[in-house]
Amino acid sequence: MVFKRLLGSKVTRSLTVASVLLEMKRALNRGNNVRALLLLGVAVLAWQWAVIGLVAQGLASVIRRGSSSDSGSKSRAS
């Protein structure tokens, strides 16, 4: 019950939306417009449901780590 109240609070939702928007900015800076557009949609949904934003943040960090480790291994191989 406390966890549900925490996730539904305005502060938590605001922080989640801000975090998703920062991830969107990072995607735009890297030239990934499709990911940025998807994250904008997630930010809109995250205002209503904070869990969606939290899940998107987790997925974005996993994807980012996966892509950076792939590029690192390719540069080491050559």
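Just so you know, these numbers use all the heavy atoms, side chains as well, and skip hydrogens, waters and symmetry mates.
Across all their heavy atoms, Val17 and Ala43 have their closest contact at CG2-O, 3.6 Å. The two atoms that bring Ala27 and Leu39 nearest to each other are CB-CD1, 4.5 Å, heavy atoms only.
For Leu38, the side chain to side chain contact (heavy atoms under 4.5 Å, CB included) partners two or more places apart in sequence, or in a different chain, are Val34.
Interatomic distance, Arg30 CZ to Lys25 NZ, rounded to the nearest 0.5 Å: 11.0 Å. Met24 contributes atom CE, which lies 10.0 Å from atom CG of Asn29 (distance to the nearest 0.5 angstrom). Once rounded to the nearest 0.5 Å, the distance linking CG of Leu45 with OG1 of Thr16 reads 12.5 Å.
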Evaluate the side chain to side chain contact (heavy atoms under 4.5 Å, CB included) criterion for residues Leu21 and Leu40: first the C-alpha distance (whole Å), next the side-chain angles of each, then the deciding distance (0.1 Å), finally the verdict.
-> CA-CA 7 Å; Leu21 289 175; Leu40 179 61; 4.2 Å; yes
